[in-house]
Amino acid sequence: MSRKEESLDELTLLGNQKTKYPTDYAPELLEAVKNLHQERDYFVKFNCPEFTSLCPITGQPDFATIYLSYIPDERLVESKSLKLYLFSFRNHGDFHEDCVNIIMNDLIELLHPRYIEVWGKFTPRGGLSIDPWCNWGRPESKFTEMAEYRLMNHDLYPEKIDNR
């Protein structure tokens with residue numbers, strides 16, 4: 001059995017034709033595969049333009065694009081499990097800031113990455129959009145310094161917002 005095949009042995013969602021979509025927050029859906037390129041630092045990026053959650057006070061839906069970037073160590077997140085996990089926020093009530101931090105914390109627990117950042121760009125409600133950004137670098141490594149630098153500089157050159 002190849003290294004790649006060994007990495008796929010534990011997956012339960014990929015290729016499953018009987019996918020069930022969760023109705024509430026479900027971190028247990030997240031699955032990982034072995035990183036076959038552990039000897040190098042590289043980014044893995046996901047753009048999730050159909051993220052929804054609920055306002056915990058009003059119950060109204062909130063819509064966002066979630067940008068997730070990480071530098072893996074031994075494990076990579078399996079994309080179908082990530083998609084279902086993010087879908088599980090659909091009926092979950094939490095503030096924007098909580099959602100992005102929960103996502104980051106769940107992925108840190110699953111992957112033990114070298115570095116990770118999560119940015120939620122929420123569409124406006126009441127004439128105001130909220131775009132929380134959080135990051136984390138592995139303690140006592142060069143990634144701690146990277147996290148601090150990116151936090152202090154992440155919005156020096158704000159992008160043009162043309163989708164809202």
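Y21 meets the ring-ring contact (aromatic ring centres under 6.0 Å, His included) test with F87; sequence neighbours excluded. Qualifying side-chain hydrogen bond (donor to acceptor under 3.5 Å, both in side chains) partners for N91, counting only residues two or more places apart in sequence or in other chains: none. With sequence neighbours left out, the side-chain hydrogen bond (donor to acceptor under 3.5 Å, both in side chains) criterion links Y85 to D106. A search for side-chain hydrogen bond (donor to acceptor under 3.5 Å, both in side chains) contacts involving H92 returns D94, not counting sequence neighbours. With sequence neighbours excluded, no residue forms a salt bridge (Lys or Arg N to Asp or Glu O under 4.0 Å) with R90. With sequence neighbours excluded, the residues satisfying side-chain hydrogen bond (donor to acceptor under 3.5 Å, both in side chains) with D41 are R114, K142.
Counted by atom type alone, N35 and Y42 present one or more donor-acceptor pairs between their side chains at under 3.5 Å.
Taking OG1 of T123 as the start and CG of L128 as the end, the distance is 11.5 Å to the nearest 0.5 Å. With rounding to the nearest 0.5 angstrom, the OG atom of S69 is 6.0 Å from the CZ atom of F43. Between the CG atom of L30 and the CG atom of L86 there is a distance of 8.0 Å, given to the nearest 0.5 Å. L54 contributes atom CG, which lies 10.0 Å from atom CD of Q60 (distance to the nearest 0.5 angstrom). Separating the CG atom in N101 from the SG atom in C99 is a distance of 9.5 Å, to the nearest 0.5 Å. Here the straight-line distance linking atom CZ of R40 with atom CD of Q38 works out to 11.5 Å at 0.5 Å rounding.
Taking all atoms of both residues into account, the shortest heavy-atom contact from G137 to Y115 is CA-CD1, 4.1 Å. Nearest approach of D131 to W119, heavy atoms of both residues: O-NE1, 3.6 Å. Summarising the geometry of P139 relative to T144, their closest heavy-atom pair is CA-OG1, 3.3 Å, with the distance given to 0.1 Å. Here the shortest heavy-atom pairing between P132 and V100 reads CB-CG2, 3.7 Å. Shown here for F122 and S53, the closest heavy-atom pair between the two residues is CE2-OG, 4.3 Å. Between C55 and R125, the shortest heavy-atom contact is CB-NH2, 3.2 Å.
By the 4.5 Å heavy-atom criterion applied to side chains, F89 and I103 are counted as neighbours. Between D62 and F51 the shortest side-chain heavy-atom distance does not fall below 4.5 Å. Counting heavy atoms from C-beta outward, L76 and V44 have side chains that approach closer than 4.5 Å. Counting heavy atoms from C-beta outward, D73 and R138 have side chains that approach closer than 4.5 Å.
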| said: Walk me through whether L107 and L68 qualify under side-chain contact (heavy atoms from CB on, under 4.5 Å). | reply: CA-CA 10 Å; L107 289 169; L68 164 63; 3.5 Å; yes
| Hey, mind stepping through W133 and E97 against side-chain contact (heavy atoms from CB on, under 4.5 Å) and telling me if it holds? | CA-CA 8 Å; W133 185 92; E97 299 86 350; over 6 Å; no
| said: Run the side-chain contact (heavy atoms from CB on, under 4.5 Å) test on F46 and I66 for me, step by step, so that the C-alpha distance in whole Å, both residues' side-chain angles and the decisive distance to 0.1 Å come before the verdict. | reply: CA-CA 8 Å; F46 290 95; I66 299 292; over 6 Å; no
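By the 6.0 Å contact criterion, CD on E148 is open, its count of non-hydrogen atoms from other residues, nucleotides or ligands being 12 or less.
Cation-pi geometry between K121 and Y67 is met: under 6.0 angstrom from the ring centre, within 45 degrees of the axis.
Under a 3.5 Å cut-off, the side chain of Y70 and the backbone N or O of V77 do form a donor-acceptor pair. Looking only at distances, a side-chain donor or acceptor of S88 sits under 3.5 Å from a matching main-chain atom of A26. Judged by distance alone, with hydrogens and angles left aside, the side-chain atoms of S81 form a donor-acceptor pair with the main-chain N or O of E31 at under 3.5 Å.
With respect to E74 and K34, no salt bridge is recorded, no charged nitrogen being found less than 4.0 Å from a carboxylate O.
Cluster annotation: Y25 and L110 are assigned to the same hydrophobic cluster (Ile/Leu/Val/Met/Phe/Trp/Tyr, side-chain heavy-atom contacts under 4.5 Å, transitive). When hydrophobic clusters are built by joining Ile, Leu, Val, Met, Phe, Trp and Tyr residues whose side-chain heavy atoms come closer than 4.5 Å, directly or via intermediates, L82 is grouped together with I108.
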